Amino acid sequence: MTNKLFLIISVVLSLAFLFSCGKENSTDNDYSKVSFYSSSSSYLSSSSAQKKDLKALKAFHPSFPGGLAIWGEGGNLGETFSLLFNDQSNQESIILNNGEWVFPAVGWTAASLLGNVFCGVGQQFLQGKDTAVRIDISTQKCADSNFAPPEYLSPNDGQFKPLRIITCKNISSVSANGNCNGTNKGASASYKIQVPGYPVFKTNSISMPYTPVIESLCINATSITTLDSTTSDTSTLVKIPIGKTSTSRLGVRIKAYEHSNCTDSSPWMIDYDFPNGLINGSATGSSSAKVFAGTVNTDIFLAHNTVSPPGVAYKLSMAGTSLGQASSCLGPYTISVNDSIALFINVTANSTVTLSHSGTQDGYFYTTSDCSSAAITQTTIASGTSSINNIYFKKSTKDPNVVLTAAMAGLVSATLPLNVTGIATKLAVSGVTSGTTNTCIGPFTVKLKDSYDSDVTSANSISVHLTSTNGAFYWGTDTLCSSTTYTFINIAVNYSSFNFYYKYSGSASTVATIDATSDTLTGTSMTVQF
């Protein structure tokens, strides 16, 4: 099948999701039933999209034998999910919380994450009713900023640069196009790369796959035949999106084995989870993985020494929120002792945990939920227990790149990335200042601002109401003002703005006022001459 055939995929992408707590049968207007389609499918008509999606799905698989992943991020609760289409999945629709959603989609034309890669992005504001979301995918759309910055694309064909994996004992000083040789070579000798599916969950969550993973073949490390060999450089043919900074999309997992052919069992296997995409770092901490745009490859450095057997304390883990506003008491954070396969291990004596953080140094740890206790730099996991769960953190200034660290002598430290946003105090609206009556104009933009007029990322879902006499508002991709009108739009968690279009039906030669208001923030307005 030629590359040209895939330029615009003309099949219905239909999904289903068994939403927990009985929501799939809910008539609650807080939720919407969503299916997906592309623009010119011979299987789709406006009256039969819901009925014929299974037929279209059967036609879809021959086009992408490597599978297709559709991610979602947004809604009023700032949720994320990932659903995968492969030979084992056969879903029709998905139940989602209402609000603004973004749906990046990626497909592979060959099995095992190989072949050409096709991309597309759907966007929809859900309002409590059955909704068909359009996603058109092509090779050219992989250049969209949702999937990777430009430096991670090959200048020859615009595809994602293939992954190159380098295992090291220490990655503190590694760089793009580099290597870990000799005494610094790590213990990994083979790998599998996975795109996991995970259910709708709370903000920035990732869980065990709901749909079967899309997985590469076993990749044996180049030139590694024993643990004493001297090079750790392994180039692959796998091409995947690395994601977008400060989002919760495009989760990836790399499974590393200490022996060839991926036949090892625990404890000789380590999972490197990137739940927010390769670009946003590893869930196991910034000291465990680093990602660079190399000249030819996307370089992934993994820190891997021989691990301890199960049942022996090996590392710390840290769990808690990874997003919050400045001057808020964030937490609680739980710090636990784990073995090499992530089971909890009780310590045999009171054990000291040292707490620290990166970023501008005005943050502190506390033991009370209002951060009113004395600041601490250490805490203790009591003898006979494995965890402590009453740790809180507060920072008075914004910083998107904070990393919380918990350390214990003899164990691998735990890290957790934290985006501390400014405090949103007001809205700002901008756009064109003149237009023609009964004509769609825009886009206009509403942004969150702090008291210093800086852009702010939302730590909470914020509903913005739009009003204007004789004016109607349309979604930010509706350039013709031909779809549904809106009176409010939600700024979801981890977003700072939204766009909209506007149509004025009043008299010509008048000035229209557009008001953007919120129950919790200072509102704003602008005028447009007609």
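The model shown is predicted, which means the values in this text are computed figures rather than measured ones. The first residue of the sequence shown is numbered 1, and numbering continues consecutively from there.
- Ion pairing between a basic and an acidic side chain is recognised when a charged N comes within 4.0 Å of a carboxylate O; K426 and D453 show such pairing.
- Contact between A512 and Y502 at its shortest, heavy atoms only, is CB-OH, 3.6 Å.
- P149 approaches I279 most closely through the heavy-atom pair CG-CD1, 3.5 Å.
- Considering only heavy atoms from C-beta on, M526 comes within 4.5 Å of F444 through its side chain.
- Annotation for C119 and F160: closest pair SG-CZ, 3.6 Å, computed over non-hydrogen atoms.
- Ring geometry, Y504 versus F530: the interplanar angle falls under 30°, so the pair is classed parallel (tilted spans 30 to 60°).
- Atom NZ of K447 is surrounded by 12 or fewer heavy atoms from other residues, nucleotides or ligands within 6.0 Å.
- Annotation: side chain of N419 is not in contact with side chain of P417 (no heavy-atom distance under 4.5 Å).
- For an aromatic pair to be called close, the ring centres must be under 6.0 Å apart, and F393 with F365 satisfies this.
- A salt bridge links D273 with R253: at least one charged nitrogen is closer than 4.0 Å to a carboxylate oxygen.
- Taking 4.5 Å as the limit, every side-chain heavy atom of I242 sits out of range of all side-chain heavy atoms of F147.
- Looking at Q159, its side chain never comes within 3.5 Å of a backbone N or O of S154 through a donor-acceptor pair.
- Using a 4.5 Å heavy-atom threshold, the side chains of L250 and F274 count as separate.
- Ring centroid separation for the pair F473 and Y486 does not come in under the 6.0 Å cut-off.
- A donor-acceptor contact closer than 3.5 angstrom is absent between the side chains of N297 and D299.
- Ring pair H304/Y272 is perpendicular by interplanar angle, where above 60° counts as perpendicular and below 30° as parallel.
- A side-chain N or O of S317 and one of N338 form a donor-acceptor pair less than 3.5 Å apart.
- Between F500 and F498, the two ring planes are tilted [angle within 30° to 60°].
- I376 is listed as a side-chain neighbour of L355, based on a closest heavy-atom distance under 4.5 Å.
- For the pair L96/S32, no side-chain contact is recorded, criterion being any heavy-atom separation below 4.5 Å from C-beta on.
- When every heavy atom of N170 is checked against every heavy atom of S172, the shortest pair comes out as OD1-OG, 2.6 Å.
- Taking all atoms of both residues into account, the shortest heavy-atom contact from L68 to I70 is CD2-CG1, 3.3 Å.
- Side-chain contact of T421 with T457: a donor-acceptor pair under 3.5 Å is absent, judged by distance alone.
- In this structure, T334 and I388 have side chains that are not in contact, with every pair of non-hydrogen atoms separated by 4.5 Å or more.
- For the residue pair D362/T397, the side-chain donor-acceptor check at 3.5 Å is satisfied.
- Using a 4.5 Å heavy-atom cutoff, the side chains of V456 and I423 are not in contact.
- Remark: K33 NZ to I95 CD1 distance equals 6.5 Å, nearest 0.5 Å.
- Residues D450 and T425 have side chains that never bring a donor and an acceptor to within less than 3.5 angstrom of each other.
- Taking every heavy atom of both residues into account, S216 and V238 meet most closely at CB-CG2, 4.1 Å.
- Between the OG1 atom of T298 and the CD1 atom of I165 there is a distance of 11.0 Å, given to the nearest 0.5 Å.
- With hydrogens and angles left out, the side-chain atoms of D370 and S372 include a donor and acceptor closer than 3.5 Å.
- For the 3.5 Å distance criterion, the side chains of K394 and S396 fail to qualify, holding no donor opposite an acceptor.
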